[in-house]
Amino acid sequence: DTAVSQTPKYLVTQMGNDKSIKCEQNLGHDTMYWYKQDSKKFLKIMFSYNNKELIINETVPNRFSPKSPDKAHLNLHINSLELGDSAVYFCASSQGQALHRFGPGTRLTVT
Amino acid sequence: GESVGLHLPTLSVQEGDNSIINCAYSNSASDYFIWYKQESGKGPQFIIDIRSNMDKRQGQRVTVLLNKTVKHLSLQIAATQPGDSAVYFCAELSGGYQKVTFGTGTKLQVIP
């Protein structure tokens with residue numbers, strides 16, 4: 001019973017393409033997040049949604065658009081992909097005291 | 001704190017020895033701290049947490065120490081095992097716990 005799941009696990013695409021990453025949590029948490037982890041393993045928050053409402057947007061280019069159809073899902077759509085977007089993207093969720101549960105990650109490679 | 005483009009610090013420890021991983025946090029208003037473990041190819045996993053009204057908390061084989069005066073956090077792992085090999089992150093939380101900032105991470109290598 002996977003708590004936080006992401007699809008796909010790997011994504012290889014060319015510059016300029018548009019792609020989406022999906023995230024689902026079955027924990028009943030009311031807050032979901034997207035993080036980006038670069039090649040040096042640095043983890044940086046991108047977005048946070050609470051009950052489908054955006055509460056944190058950390059100076060992410062507007063090519064990145066999160067969408068939360070319900071509080072169990074937070075998808076990440078990326079337009080006009082660039083080489084610098086290559087990274088591992090983690091979805092996470094939390095309830096109450098912000099103990100994050102992370103998904104397995106999606107490794108995005110832009111060529 | 002923010003990454004400044006440094007390489008990932010690495011700590012090599014002999015199996016059975018104790019490990020100490022350090023973290024300097026940036027926001028004096030942070031009042032909740034978490035240590036995460038990230039194994040290769042996986043997402044970070046919770047290890048232990050501590051609130052700012054405490055200076056020490058113990059779990060199974062792990063202890064977290066908090067020094068608010070110098071904004072320093074440490075994770076001690078007793079009797080380190082090969083399965084402890086991973087990247088360890090500290091995280092500081094503030095702003096009603098909605099704002100989470102991760103440290104740069106430390107890679108722990110356990111030598112059998």
Side-chain angles (χ1 to χ4, degrees), chain A residues 2-10 21 23-25 27 29-51 53-60 74 84 87-109, chain B residues 1-11 21 23 25-27 29-54 57 59 64 85-109:
Chain A
T2 304
V4 182
S5 59
Q6 295 177 229
T7 54
K9 188 167 175 61
Y10 300 97
I21 307 172
C23 178
E24 177 181 3
Q25 54 97 3
L27 298 163
H29 287 169
D30 57 8
T31 305
M32 295 184 72
Y33 312 81
W34 277 107
Y35 284 84
K36 180 179 180 180
Q37 186 171 49
D38 63 22
S39 58
K40 297 180 177 64
K41 298 291 188 182
F42 183 66
L43 260 172
K44 186 170 170 63
I45 192 167
M46 299 173 68
F47 299 102
S48 173
Y49 267 73
N50 181 272
N51 282 320
E53 287 190 24
L54 179 67
I55 53 174
I56 292 176
N57 180 343
E58 287 288 321
T59 59
V60 176
L74 181 63
V88 181
Y89 291 84
F90 286 100
C91 177
S93 70
S94 71
Q95 177 74 34
Q97 297 177 347
L99 176 57
H100 284 39
R101 290 286 295 271
F102 283 84
T106 296
R107 182 174 292 276
L108 171 65
T109 303
Chain B
E2 292 276 344
S3 170
V4 292
L6 299 174
H7 64 276
L8 189 66
T10 300
L11 174 67
I21 299 171
C23 176
Y25 65 92
S26 56
N27 185 355
S30 295
D31 50 7
Y32 182 46
F33 304 88
I34 304 175
W35 278 100
Y36 286 91
K37 172 186 180 183
Q38 185 179 18
E39 295 175 281
S40 181
K42 297 183 179 179
Q45 292 180 295
F46 169 87
I47 303 174
I48 191 167
D49 58 357
I50 189 167
R51 299 194 184 280
S52 58
N53 60 352
M54 304 171 69
R57 188 154 190 235
V64 55
S85 293
V87 177
Y88 290 80
F89 294 94
C90 66
E92 56 180 303
L93 288 82
S94 59
Y97 301 157
Q98 291 178 351
K99 174 88 173 172
V100 182
T101 303
F102 281 83
T104 52
T106 297
K107 183 176 182 179
L108 177 64
Q109 289 182 327

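Letters A, B, ... are given to chains in the order of the sequence lines, protein chains preceding strands, and every chain is numbered from 1.
A/Lys41 is listed as a side-chain neighbour of B/Leu8, based on a closest heavy-atom distance under 4.5 Å. The shortest distance between side-chain heavy atoms of B/Phe46 and A/Arg101 does not fall below 4.5 Å. Residues B/Phe102 and A/Gln37 are not in side-chain contact: their nearest non-hydrogen atoms beyond the backbone lie 4.5 Å or more apart.
Atom OG1 of B/Thr101 and atom CG of A/Leu43 lie 11.0 Å apart (nearest 0.5 Å). To the nearest 0.5 Å, atom CD1 of residue B/Ile34 and atom NE2 of residue A/His100 are 7.5 Å apart. Atom CD in B/Gln38 sits 8.5 Å away from atom CZ in A/Phe102 (nearest 0.5 Å).
In this structure, no portion of B/Gln45 lies under 4.5 Å from any heavy atom of chain A.
In the displayed structure, A/Lys9 atom NZ is contacted under 6.0 Å by more than 12 heavy atoms of other residues, nucleotides or ligands.
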